[in-house]
Amino acid sequence: AAQYACTLLGYSLQKGGAGVELLNLVRQLEAHMSLTRKMLRLGNSVEALEAAKRAVHLSDSVLRLCLTVAHLNRAMYFACDNVLWAGKTGILPQLDQHKWSQRSFRYYLFALILNLTRDAYELRLLMERESRYQSSTKSPPSPSAVTRPDDDSSFPSSPTSPGTVILPMLSARLCRQLHLLVTVLYSNPPLLLDLLKNSCDIFIPLDRLGIYPTGPGFIGACGLTSSVLSILTIMHPWLKLKP
């Protein structure tokens, strides 16, 4: 959180026309935060591999595939991050830091894509379950509501174009799906937080790899938001999506 706060602060100061010395100070602080973060990640590859071993035994095939491969990519990302840390601290002075940085962000991107796929899959399952529940709790329409009056049959029906029938149906269906989506996310805070966190995180490797450049201000805001959401899951473990 401190690292991305420095990124956002540096962008704001630059836009505000701050002095060069202050900008350099903020950038140095950001670099030190990044190095400290990499040092604290030493050993995270082992934890990611253990998580992958646990995910292999999941009964749901889609969750098993997404989580296992995502954890393996996270393990490779942390391993590349550890190599980068060794290069930045002078342990591996001849290391091509740009090459290893790009490699680590590729693994990070693959892991986030799989995490978002898992979120979308769980969201679809919950929406289908909620839709079935709402259908089962609805009372059937009364016969008078579905039976047309006899005197209506004497009047010819006015011709209607396909557009006047299809558009209201599509609009009503879209409204139902949006209401269902909001209901499911509101009743499942862990899924909502995980979806928001992964959505914020994915812009970071997209920017670093040059796939979708967004700038330091946006990256700082996304990283800070993701860090705050991660802190929430640590403070309140029930908010962490399982498995």
Side-chain angles (χ1 to χ4, degrees), residues 1-15 23 26-27 29-38 40-41 44-45 47-49 51-52 55 62-63 65-88 92 95-124 181 185 191-231 233 241:
Q3 177 190 346
Y4 289 112
C6 288
T7 304
L8 189 58
L9 177 62
Y11 174 78
S12 302
L13 291 174
Q14 185 178 6
K15 285 293 183 180
L23 287 175
V26 173
R27 287 176 184 141
L29 181 60
E30 180 187 350
H32 287 307
M33 291 290 182
S34 176
L35 194 61
T36 304
R37 188 182 183 190
K38 293 181 187 302
L40 294 175
R41 283 177 171 173
N44 282 9
S45 295
E47 294 180 7
L49 289 174
V62 176
L63 289 179
L65 175 64
C66 289
L67 289 176
T68 302
V69 181
H71 287 311
L72 290 175
N73 275 279
R74 284 180 66 247
M76 295 301 298
Y77 163 66
F78 287 133
C80 292
D81 219 34
N82 295 340
V83 174
L84 270 174
W85 174 81
K88 289 179 180 294
L92 298 174
L95 182 73
D96 187 344
Q97 294 186 21
H98 177 73
K99 174 183 175 182
W100 280 91
S101 177
Q102 294 290 295
R103 185 174 295 169
S104 69
F105 279 118
R106 279 196 292 270
Y107 285 121
Y108 188 31
L109 178 60
F110 293 152
L112 288 172
I113 290 173
L114 288 164
N115 285 336
L116 283 171
T117 304
R118 175 262 185 105
D119 290 338
Y121 174 71
E122 293 214 20
L123 184 58
R124 184 180 70 85
L181 176 64
L185 290 177
L191 178 58
L192 175 60
L193 260 65
D194 196 71
L195 185 61
L196 289 175
K197 182 181 179 303
N198 290 327
S199 299
C200 290
D201 281 338
I202 200 167
F203 287 102
I204 299 173
L206 287 176
D207 179 80
R208 295 291 190 265
L209 293 170
I211 299 173
Y212 186 72
T214 51
F218 187 77
I219 293 301
C222 287
L224 184 59
T225 303
S226 174
S227 299
V228 171
L229 293 176
S230 297
I231 292 171
T233 59
L241 186 63

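We find the CG-CG distance between Asn82 and Asn44 to be 7.5 Å, quoted to the nearest 0.5 Å. Between the CZ atom of Phe105 and the CG atom of Leu112 there is a distance of 10.5 Å, given to the nearest 0.5 Å. Atom CZ of Phe110 sits about 11.5 Å away from atom CE of Met76, to the nearest 0.5 Å. To the nearest 0.5 Å, atom CG of residue Leu224 and atom OG1 of residue Thr7 are 9.5 Å apart.
Of all heavy-atom pairs between Ala70 and Leu114, the closest is N-CD1, 3.6 Å. Residues Arg118 and Cys66 come closest through the heavy atom pair CB-CB, 4.2 Å. In this structure, Gln97 and Gly87 approach most closely via the heavy-atom pair NE2-O, 3.4 Å. The shortest heavy-atom contact between Cys80 and Ser104 is CB-CB, 3.4 Å.
Looking at residues two or more places apart in sequence or on another chain, you find no ring pair (Phe, Tyr, Trp, His ring centres under 6.0 Å) involving Tyr107. Listed by chain and residue number, Leu49, Ala52, Thr68 satisfy the side chain to side chain contact (heavy atoms under 4.5 Å, CB included) test with Leu72 (two or more places apart in sequence, or in another chain). Remark: Tyr77 pairs with Tyr108 by the ring pair (Phe, Tyr, Trp, His ring centres under 6.0 Å) rule, at least two apart or across chains. When the side chain to side chain contact (heavy atoms under 4.5 Å, CB included) test is applied to Ile113, the partners found at least two apart in sequence or on another chain are Leu109, Thr117, Ile202.
Annotation: side chain of Arg103 is in contact with side chain of Trp100 (closest heavy-atom distance under 4.5 Å).
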query = Between Leu181 and Leu123, is a side-chain contact (heavy atoms from CB on, under 4.5 Å) present by the stated rule, with each step listed?
reply = CA-CA 8 Å; Leu181 176 64; Leu123 184 58; 3.4 Å; yes
key: Steps toward side-chain contact (heavy atoms from CB on, under 4.5 Å) verdict (Leu29, Met33)   = CA-CA 6 Å; Leu29 181 60; Met33 291 290 182; 4.1 Å; yes
Return a table of donor-acceptor pairs under 3.5 angstrom between the side chains of residues 207-222 and protein atoms on other chains or two or more places apart.
| from | atom 1 | to | atom 2 | distance (Å) |
| --- | --- | --- | --- | --- |
| Asp207 | OD1 | Thr214 | N | 2.8 |
| Asp207 | OD1 | Gly215 | N | 3.3 |

Enumerate donor-acceptor pairs with a distance under 3.5 Å from any side-chain N or O in residues 192-199 to protein atoms, sequence neighbours excluded.
| from | atom 1 | to | atom 2 | distance (Å) |
| --- | --- | --- | --- | --- |
| Asp194 | OD2 | Asn198 | ND2 | 3.0 |
| Lys197 | NZ | Asp201 | OD2 | 2.9 |
| Asn198 | ND2 | Asp119 | OD2 | 2.9 |
| Asn198 | ND2 | Asp194 | O | 3.1 |
| Ser199 | OG | Leu195 | O | 2.7 |

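No donor-acceptor pair under 3.5 Å is formed between the side chain of Ser226 and the backbone N or O of Gly223.
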